[in-house]
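To start, the structure under review is shown below, and the notes come after it.
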Amino acid sequence: MSSVKDNVTALPLHPEKSTLEGKNKFLGFWFFLGGETVLFGTLFATFVALRHQTSGGPAAEDIFGMPLTFLSTIILLTSSLTSVFAIMAMRDNSLGRMQLWFWITVILGLAFLGLEITEFTEYMHEDLGYTTSAFSSAFYTLVGFHGCHVLFGVVWISTLMIQSFKKGITTVTAPKYYVASLYWHFIDVVWVFIFTVVYLLGILGG
Amino acid sequence: MSVNAHSLSQPKQNSGFFSWLWEWLSTVDHKKIAILYLFGGGLFFLIGGIEAMLIRIQLAVPENTFLVGHNYNEVITMHGTTMIFLAAMPFIFALMNAVIPLQIGARDVAFPFVNALGFWLFFMGGIILNLSWFLGGAPAGGWTAYAPLSSEFLGNGMDFYVLGLQVAGAGTLMGAINFLVTIVNMRAPGMTFMRLPLFTWTVFITAVLILFAFPALTVGLFLIFFDRLFDANFFNEANGGNSIIWEHIFWIFGHPEVYILILPAFGVISEVIATFSKKRLFGYSSMVFATILIGFLAFMVWVHHMFTVGLGPSANTIFAIATMAIAVPTGIKIFNWIFTLWGGQITFNTANLYAVGFIPTFVMGGVTGVMLAVPTADFQYHDSYFVVAHFHYVIVGGLIFGLFSGFYYWWPKMFGRHLNETLGKINFWLFFIGFHLTFFFQHFLGLMGMPRRYFTYLKGEGFDAFNMVSTIGAFLMFFAVIVMLINIAYSAVKGEKAKGDAWEQGRTLEWSIASPPPEYNFAQTPLVKGIDAFWKEKMDGKDKMTAAEPVGDIHMPSSSIVPFLMSISLTIASLGFIFSAHDGVRKPALFVAGAGVVLFFLCMLARSIKDDPGFHIHKEEVIETEKGVR
Amino acid sequence: MKKWRLSLRLFPLFAIALLLSGCGKEGLSTLIPMGTVAKEQADLMLFSLLIMVLVMVVVIVLFTYAIIKFRKKRGQEDFIPKQVEGNAKLELLWTIIPIILLIILAVPTISKTFAHSDTHVAKGDDVIKVKVTGHQYWWEFEYPDQKIKTAQDLVIPTGKKVVVELTSKDVIHAFWVPALAGKIDANPGQTTSLWLDADKEGTYKGRCAELCGSSHALMYFNVKAVSPDEFKQWSKDMKDGPSAPTTASAKKGEQIFKNNCMSCHAVGEKGGQTAPNLSNFADRENIAGFKEHNKKNLKAWIKNPGKIKPGAEMPSFEDELSDDQINALADYLFSLSVKK
């Protein structure tokens, strides 16, 4: 830890973009998110095309419950905020504070995943299996893809945080923390769309 | 082939087969990755070519029984899929890797590690796809794999298609992001966007198209995958699915894919024609503008592949007009090339013969494209040999001519030796004549009522003569490729050694350094003062670029075997998923698949934990190397 | 004088048109159109071709001139050509002219596309409606107004608009009769439509134009255009069903048919619907859609359909039925005629 502290004075204002490698990572990740947008866009389009094809199985308005998904939304939105705090701490070169906020982000992410699993199990009990209808396949695929992204984010941020004890905040590690938080925001934005298109429209039966 | 590649690898302290192999498996040097792409793509190009010959042999005479039914469908599917994804794409990436960093004055790409990963994913994807031949049969749904034929009716081969393309596609996507960042962030001082060589511009737009088109394919493949393996209902009409969704997703990817392929060829042609006319490219700004416009329109026209689906006349005409609009920027390019030739001093070597041959050939593919854009006329053309002729004019007459031109042009830069010109010219004329013989008459076959993907036609339908001519043409093309292989082997041993400015009238930065370039490309980052930077310096009487920095230590990334291991783990995962479709072994196969995925993530973790400090090539070493080459 | 020179210049274009119209076999080629839609499509194809040939000619002339005139000549090795940046006027010219050409092409494109997609049938319209269902690898035809079902040979009256409604039982197929009209896909679970008509009596070749499996290349059918009177008679006869078998062998064959084939095939109203309806089998043009219509081919088909059409659903009867039985069955099937 002490060696990390020695580096402190050398840290520039925006440590995530101060080296060419950092800039590359930063820009490359934005491009990656552009591709991810198309990926989710295609999944959304597929879902919208198939959302009424329940084929005799349960429909959206039959099973979706507002309280649970609303809670999920709040949790994920909060976690986005905590990751912002973590990056602010990173720019202040405050390792401990950054770790704290990122760990909170991870915990909120895990809570979200827990709720999602509960929700899916509940639907399964209400006879909405993956193979029930085109609607169910499209629903589980879209929301499941998002869930996998959350899971990946949780694992990613956790491994970064474990490493951060040894590596601290440097111009090498800062871009990594930064793009991880960028990823987390992206997941959050996708969820907002899922909440609107899948759940709100579903419950309203529109 | 390997002999050739070997002669180019810089000898390390302990030679021997395994250290040679290790070096190529673990390289992150863009110049070596270019060679890997070239020979990897070349291998699949030959396989795809043999498949093409099988098709032409079957169709040479009516009611032939050489290759029929399911087997024929396997061959056409693999021919299309192989040529598009496993030959054309890697050839493009070969040129991108070999040329782009040099053209923008960079020492490397933005993400050398990802670059290597991209190659290995493409290569293993191709291996997965071709393993299908030995493990229960190849996919047979056409390269377009329309559902529900692909999702419900065809056997295990389709799983190889889905997972092979998924793996190869992931590699392509990574490559695209890498080059986008490289071009944006790694340009030498003074290399503004409007001074970029046109090849770099077209690659930039191509990379943008890949970035926004390939994820759609990724999703589409997942949907088929889930339908096949986990009984999802996306395309299963009985449970509310809709097979037209696949067509939309496929063509939202598939149409941009066509421009992904052709734009780099436009770039190559622009470079080669300018170089061998000894003139700067006519209308550079309008060329850039046209490239961007084509890239933009590429996403607006996918429905022209689906005119016959029954989406109605309103949708059809809107997409028809958008499609016709593409003819305008394409026309701008054609005339700009002609006027680059105009008033120049044209050298006709093999590289330029291909470039010049490209112009009328591609225009023919372009005008039939406009004809196809008329929806009600397309009701007649669609899925007939007219379409087959059209897209071969665009993809072979356009893309492959462009790529071959690029190979002959940059070969001395990549390998330090020229290809033989006599063999080259034989290669060109055989290929050029063979190509037109093969495909020109297919236009008429289509109009006469011969549908594509037919394994035979009947006596008395009047298709005999043109089909025979087409087969003869195909054989000429086949011989042309053999001549090219001989040329490659010959030049590896006896080829004329290339100077840095191999054609003596090079215009762009890659010609200002040694052939092949040293590991670090530029001893000193060059200072770019205008378009055709090297030509400009030469006109000012200098023989090399003005440097933007003093000679110093050069930082290089370390090589890594991890990209190779990551692709191997995804291959294991894919094969696991493929075999999980067999009832008896579902559980163990899924376990293997899971293990492959876990292995993949462990590799990622290892990469994340171990920071790569790279290594330095010291100043003295750089000065020593530079002495040797001049 | 001037006019004469203009027509001389246009001569190659007319020559192309003339050349193309001689291309292919009557009843199969899109270039010898035999119905309203196909004719207008051929006109449009030719019109667009002429514009495109014009473009090609301009490009080729400029291109050929450039590569001949400006090739490197001996003794000029040190010559450095003028480095031209561009020419705004020229570049504008070759942007605007293509736009104009495209607008000229777009006008008939839009009007004809709408006209050819207009399959709306108002009450009282004098049209023939046909429901077409694609199967791997045969075509089912149903006339909802006449209440007739048949397969493989689509009978239509000449000079009347025929509206075709398409769907598929399995994978995507496409319905294409090149000499009469362009193709439209037959998608499972959906209906699409097209219309066509035939000028004169005759048999027009139809084919599947969307890869549908192993025997996609053999999924042929025929469109038989007959006079309106004949069509009226035919539809009446079809409803009455085929005449009963007369010979002993055919009667024996009928029994064999009932025992072995009727779970899938129907004759008249009776029988399964998963395989082609055979009510007017003897009147058909081809065996399996493309083989010559004779008993030899029929017997070969019954023995092993997969050998003739790879992947066909129908099982092989080689081991199920004796040669005698197959002979009788063939006699029966060849007695199934609605012609009086």
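So you know, we letter chains A, B, ... as the sequences are listed, proteins then strands, and number each from 1.
Most heavy-atom pairs under 4.5 Å with chain C, from the set B:Met364, B:Met448, B:His70, B:His382: that is B:Met448. Chain C forms more heavy-atom pairs under 4.5 Å with one residue of B:Val374, B:Leu341, B:Asn316, B:Ile359 than with any other, namely B:Val374. Heavy-atom pairs under 4.5 Å with chain C peak, among B:Phe235, B:Trp535, B:Phe463, at B:Trp535. Considering only heavy-atom pairs separated by less than 4.5 Å from chain B, the leading option among C:Thr64, C:Leu194, C:Val55, C:Leu105 is C:Leu105. Taking chain B as the reference chain and counting heavy-atom pairs below 4.5 Å, the highest number among C:Gly311, C:Pro310, C:Pro98, C:Gly213 is found for C:Gly213. Counting heavy-atom pairs closer than 4.5 Å to chain C, the top residue among B:Pro360, B:Gly462, B:Pro329 is B:Pro360. Between chain C and the options B:Thr340, B:Thr368, B:Val363, the largest number of non-hydrogen pairs under 4.5 Å is found for B:Val363. Looking only at heavy-atom pairs under 4.5 Å with chain B, the residue among C:Thr113, C:Thr109, C:Val177 that has the most is C:Thr113. For the set C:Ser193, C:Ala38, C:Ala181, the entry with the most heavy-atom pairs within less than 4.5 Å of chain B is C:Ala181. Between chain C and the options B:Gly69, B:Gly310, B:Gly312, heavy-atom pairs under 4.5 Å are most frequent for B:Gly69.
Contacts of B:Trp337 with chain C are absent, with no heavy-atom separation under 4.5 Å from either backbone or side chain. For a residue to count as touching a neighbouring chain, one of its non-hydrogen atoms must lie under 4.5 Å from one of that chain's; by this rule C:Thr192 touches chain B with the side chain only. In this structure, no portion of B:Met306 lies under 4.5 Å from any heavy atom of chain C. Residue B:Phe276 does not touch chain C at all, counting heavy-atom pairs closer than 4.5 Å. Only the backbone of B:Ala147 comes within contact range of chain C, with heavy atoms under 4.5 Å apart. Residue C:Glu210 touches chain B through both its backbone and its side chain, counting heavy-atom pairs closer than 4.5 Å. Within the 4.5 angstrom heavy-atom criterion, no atom of B:Tyr72 approaches chain C. Contacts between B:Ile321 and chain C at a heavy-atom distance below 4.5 Å involve the side chain alone, from C-beta outward. Contact annotation for B:Ser314: both backbone and side-chain heavy atoms come within less than 4.5 Å of a heavy atom of chain C. Residue contact with chain B, scored on non-hydrogen atoms closer than 4.5 Å, involves the side chain of C:Ile60 exclusively. Heavy atoms closer than 4.5 Å to chain B are found in both the backbone and the side chain of C:Pro178. The contact between C:Leu44 and chain B is made entirely by side chain atoms (from C-beta outward), counting heavy-atom distances below 4.5 Å. Of the atoms belonging to B:Glu237, it is side-chain heavy atoms, and not backbone ones, that fall under 4.5 Å from chain C. For a residue to count as touching a neighbouring chain, one of its non-hydrogen atoms must lie under 4.5 Å from one of that chain's; by this rule B:Leu281 touches chain C with the backbone only. Proximity to chain C is limited to the side chain of B:Phe348, based on heavy atoms less than 4.5 angstrom apart.
In this structure, a donor-acceptor pair under 3.5 Å is present between the side chains of B:Lys278 and B:Gln345. A side-chain donor-acceptor contact under 3.5 Å links C:Glu40 and C:His116. In this model, no donor atom of one side chain and acceptor atom of the other lie less than 3.5 Å apart for C:Asn187 and C:Ser168. If you check the side chains of C:Gln41 and B:Thr376, you find a donor sitting under 3.5 Å from an acceptor. B:Ser384 and C:Arg207 form no side-chain donor-acceptor contact under 3.5 Å, judged by distance and modelled atom types alone.
Residues of residues 80-90 of chain C lying under 4.5 angstrom from chain B, judged on non-hydrogen atoms, are C:Ile80, C:Pro81, C:Lys82, C:Gln83, C:Val84, C:Glu85, C:Gly86, C:Asn87, C:Leu90 in numerical order. For residues 214-221 of chain C, the interface with chain B (any heavy-atom pair closer than 4.5 Å) comprises C:Ser214, C:Ser215, C:His216, C:Ala217, C:Leu218, C:Tyr220, sorted by residue number.
Looking at every heavy atom in both residues, C:Asp197 comes nearest to C:Trp195 through OD2-CZ3, 4.1 Å. Heavy atoms only, all atoms of each residue included: C:Leu211 and B:Leu149 are closest at O-CD2, 3.6 Å.
Between B:Thr144 and the options B:Arg453, B:Glu247, B:His305, a side chain to side chain donor-acceptor pair (under 3.5 Å) holds for only B:Arg453.
Under a cut-off of 6.0 angstrom, the local environment of NZ in C:Lys131 is sparse, with at most 12 non-hydrogen atoms contributed by other residues, nucleotides or ligands.
Taking the six-membered ring for Trp and thresholds of 30 and 60 degrees, C:Trp139 and C:Phe175 have ring planes more than 60 degrees apart, a perpendicular arrangement. Relative ring orientation between B:Phe362 and B:Phe358 is described as parallel, the plane-to-plane angle staying below 30° on a 0-90° scale split at 30° and 60°. The aromatic rings of B:Phe466 and B:Phe441 sit parallel, their planes meeting at an angle under 30°, below the 60° perpendicular limit.
Evaluation of the ring pair (Phe, Tyr, Trp, His ring centres under 6.0 Å) test over residues 46-75 of chain C, restricted to residues two or more places apart or in two chains, returns B:Trp342-C:Tyr65, B:Trp342-C:Phe70.
Aromatic ring centroids of C:Tyr137 and C:His173 lie 6.0 Å or more apart.
In this structure, B:Thr330 OG1 and B:Phe335 CZ are separated by 11.5 Å, a value rounded to the nearest 0.5 Å. Distance check: B:Ile531 CD1 to B:Lys536 NZ gives 9.5 Å after rounding to the nearest 0.5 Å. Atom CZ of B:Phe455 and atom OG1 of B:Thr65 lie 10.0 Å apart (nearest 0.5 Å). To the nearest 0.5 Å, atoms CG (C:Asp170) and CD (C:Gln136) are separated by 4.5 Å.
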**OP:** Give the C-alpha distance, both sets of side-chain angles, the deciding distance and a yes or no for side-chain contact (heavy atoms from CB on, under 4.5 Å) between C:Glu91 and B:Asn336.
**Re:** CA-CA 8 Å; C:Glu91 287 171 52; B:Asn336 277 337; 3.9 Å; yes
**OP:** Report the C-alpha separation of C:Ile99 and C:Ile103 in whole Å, then their side-chain angles, then the decisive distance to 0.1 Å, and conclude whether the side-chain contact (heavy atoms from CB on, under 4.5 Å) test is met.
**Re:** CA-CA 6 Å; C:Ile99 292 179; C:Ile103 291 172; 4.0 Å; yes
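Partners of C:His135 according to the ring-ring contact (aromatic ring centres under 6.0 Å, His included) rule, which considers only residues two or more places apart in sequence or in another chain, are C:Trp138.
Ion pairing of B:Asp532 with B:Arg280 is absent here, as no side-chain N (NZ or NE/NH1/NH2) approaches a carboxylate O to less than 4.0 Å.
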